[in-house]
There are 2 protein chains.
Amino acid sequence: MIFQGFRKNKTIWLYGVSLAILLFLLKWLELRFVIYDHAFEIYAGAIAVLFTSLGIWLAIKLTRPKVKTVIIEKEIYRDPSIPFVPNGKALDQLGMSKRELEVLKLMAEGHTNQGIAEALFVSLNTIKTHGSRIFEKLDVKSRTQAIDKAKKLGLIA
Amino acid sequence: MIFQGFRKNKTIWLYGVSLAILLFLLKWLELRFVIYDHAFEIYAGAIAVLFTSLGIWLAIKLTRPKVKTVIIEKEIYRDPSIPFVPNGKALDQLGMSKRELEVLKLMAEGHTNQGIAEALFVSLNTIKTHGSRIFEKLDVKSRTQAIDKAKKLGLIA
DNA sequence: TTTACCCTCATACTTTAGGGTGATTTTGTT
DNA sequence: AACAAAATCACCCTAAAGTATGAGGGTAAA
């Protein structure tokens, strides 16, 4: 258990031990450099460099850089010459209003309710109300279900 | 070569510059603390902690770039009669695991986390963990954003 | 052997979503 | 003008999602 703890927290343990050694060295150097007034700068610089080196070493250990910028060519599965047109028949049958469709589209794009409210210049409560109405009409219980169903019905792209 | 060196060791170079600034500050503070003999230990300890902290902070800050996905949209026509095949290239580049893709698919179908957990015979906590990982890799903050992006990238149908 | 990653799980907490109830205002139709 | 539907808004409450932190086991690669 304690050995496991050492395995997992090796860096921290090594840092602790290193710090102890450095502090000991610091104390020891302190006794020597107090004698020489002119050596003050050298001493201060020495501890700065020492601790800086330790900081760098530790930071490199702690933070492995990860590959992060990913450029991906993506294929859109749609013929560009044919713009998406909502399934008007389904919209009529469901009784989905223009505003509700608008809200649904923004939901599908991943916006929060607050975000949608701000985009449409209305209150958060309004969006929640629209949401409930949308779910009712689509007979679903959540936005992800609504989005899934709406795409299948051809209400949104 | 030297430029490459800079690129590779960005943290170290930036830290070096920061160190120069700190050393200047050190010199300036030096003139003040020389007056007080009893402040010596405090001063030394202060610079040690300061330099170590700065090193750690800088390195962590600069070696944790955010996941950034740049999407270049290339519209092509897809024949609906051809069954959907996930974009393996994008999956590899994003580092998306099989399990994560599995969870993402079930999310897109509108399942709750608990529902997904039950479907995959794991704990709710596990699904939450996978969720976080998926969001991280897609650089999104919610499941709806993740789903939207995954569809655009061709990761899911 | 060590390291990195995936998978799994837990806990505590915060944020967001969603249900229920009620109300008012606006808009469109007859 | 009357009426119905749509749009808007509020408040209270619960459920679900999402974050942060930590842990452990297994596997493959260095």
Side-chain angles (χ1 to χ4, degrees), chain A residues 1-14 60-68 91-92 94-104 106-147, chain B residues 60 63-64 66-67 91-104 106-148:
Chain A
M1 182 55 67
I2 289 176
F3 183 67
Q4 281 289 74
F6 175 78
R7 288 271 301 269
K8 278 287 176 180
N9 301 291
K10 184 183 176 183
T11 306
I12 293 172
W13 279 102
L14 283 175
I60 290 171
K61 282 290 182 188
L62 281 175
T63 61
R64 288 286 183 174
K66 295 178 181 175
V67 177
K68 286 310 146 225
L91 284 172
D92 287 342
L94 290 168
M96 186 79 63
S97 73
K98 276 193 174 180
R99 197 64 161 172
E100 282 160 2
L101 188 60
E102 217 167 13
V103 170
L104 185 55
L106 289 168
M107 274 186 188
E109 283 170 14
H111 302 282
T112 60
N113 284 342
Q114 185 59 52
I116 296 168
E118 283 161 13
L120 300 179
F121 302 104
V122 294
S123 147
L124 172 61
N125 300 305
T126 303
I127 301 306
K128 285 184 176 180
T129 305
H130 285 316
S132 296
R133 292 286 289 158
I134 290 166
F135 301 157
E136 194 179 302
K137 287 171 180 178
L138 290 174
D139 189 30
V140 296
K141 291 181 192 295
S142 69
R143 68 206 298 116
T144 47
Q145 289 175 4
I147 293 161
Chain B
I60 289 171
T63 58
R64 282 273 183 105
K66 284 207 170 192
V67 174
L91 283 171
D92 288 341
Q93 287 178 334
L94 290 168
M96 188 78 65
S97 74
K98 278 192 173 180
R99 196 64 160 172
E100 282 161 2
L101 189 60
E102 218 168 11
V103 170
L104 185 55
L106 290 169
M107 274 186 186
E109 285 171 15
H111 301 282
T112 60
N113 284 343
Q114 186 58 55
I116 296 169
E118 285 161 12
L120 299 179
F121 302 102
V122 295
S123 145
L124 170 62
N125 300 306
T126 304
I127 301 305
K128 285 185 178 183
T129 304
H130 285 316
S132 297
R133 291 287 288 157
I134 290 166
F135 300 160
E136 192 179 305
K137 287 172 181 178
L138 291 175
D139 189 30
V140 295
K141 291 181 195 291
S142 67
R143 68 207 298 117
T144 48
Q145 288 175 5
I147 293 161
D148 188 46

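Within every chain, numbering begins at 1; the chains are lettered A, B, ... in the order of the sequence lines, protein sequences first and strands thereafter. The basis for the numbers below is simple: all heavy atoms, side chains too, and nothing from hydrogens, waters or symmetry mates.
Near DNA chain D, meaning a heavy atom under 4.0 Å away, the residues from residues 107-125 of chain B are B:T112, B:N113.
With sequence neighbours excluded, the residues forming a side-chain contact (heavy atoms from CB on, under 4.5 Å) with A:T112 are A:Q114, listed by chain and number. Applying the side-chain contact (heavy atoms from CB on, under 4.5 Å) rule to A:T129 yields no partners; only residues at least two apart in sequence or on another chain are considered. A search for salt bridge (charged side-chain N to carboxylate O under 4.0 Å, His left out) contacts involving A:E136 returns A:R133, not counting sequence neighbours. Partners of B:Q145 by side-chain contact (heavy atoms from CB on, under 4.5 Å), not counting sequence neighbours, listed by chain and number: B:V140, B:K141, B:S142. Here A:E102 pairs with A:R99, A:L120 under the side-chain contact (heavy atoms from CB on, under 4.5 Å) rule; sequence neighbours left out. Applying the salt bridge (charged side-chain N to carboxylate O under 4.0 Å, His left out) test to A:K137 and every residue at least two apart in sequence or in another chain returns A:E100.
Atom P of nucleotide D:dT19 and atom CD of B:Q145 are separated by 10 Å, given to the nearest angstrom. We find that NE2 of B:H130 is positioned 8 Å from C1' of C:dC6, with the value rounded to whole Å. Between the P atom of D:dG18 and the CG atom of B:D139 lies a distance of 15 Å, rounded to the nearest Å. We find that CE of A:M96 is positioned 17 Å from P of D:dA5, with the value rounded to whole Å. Atom CD1 of B:I127 is separated from atom P of D:dT19 by 15 Å (rounded to the nearest Å). As a whole-Å value, the separation of A:E102 CD from D:dA7 P is 9 Å. Computed from coordinates, the A:E136 CD to C:dG18 C1' distance equals 13 Å when rounded to whole Å. The CZ atom of B:R133 sits 9 Å away from the P atom of C:dC7 (whole-angstrom rounding).
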Would you list the protein and nucleotides 20-24 of chain C atom pairs, both N or O, that sit under 3.5 Å from each other?
none

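Mapping A:K98 and B:F135 onto DNA chain D by nearest heavy atom places A:K98 at the nucleotide closer to the 5' end. When each of A:K128 and B:E100 is assigned the nucleotide of DNA chain C with its nearest heavy atom, B:E100 is the one assigned upstream, toward the 5' end.
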>> For nucleotides 25-30 of chain C, give me one character per nucleotide, 5' to 3': B if any protein heavy atom sits under 4.0 Å from the base, S if the only such contacts are to the sugar-phosphate, - if neither.
In response: ------

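A distance of 9.5 Å separates CD1 in A:I147 from CD1 in A:I134, rounded to the nearest 0.5 Å.
Of all the heavy atoms in B:R143 and B:M107, the pair that sits closest is NH2-CG, 3.5 Å.
The side chain of B:S97 approaches C:dC6 more closely than any other nucleotide in the set D:dT8, C:dG18, C:dC6.
When each of B:L124, B:L104, B:I127 is paired with B:I116, the side chain to side chain contact (heavy atoms under 4.5 Å, CB included) condition holds for B:I127 and for no other.
Regarding contacts with the backbone of C:dC5, every side-chain N or O of B:K137 stays at 4.0 angstrom or more from both OP1 and OP2. For the pair B:R99 and C:dT8, the criterion of a side-chain N or O lying under 4.0 Å from OP1 or OP2 is met.
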>> Apply side-chain contact (heavy atoms from CB on, under 4.5 Å) to residues B:K98 and B:L101 and explain how you reach the verdict.
In response: CA-CA 5 Å; B:K98 278 192 173 180; B:L101 189 60; 5.8 Å; no

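When the C1' atoms of four end pairs are superposed on the next four at each end of the helix from C:dT1-D:dA30 to C:dT30-D:dA1, using five pairs per end, the two resulting axes differ in direction by 60°, to 10°.
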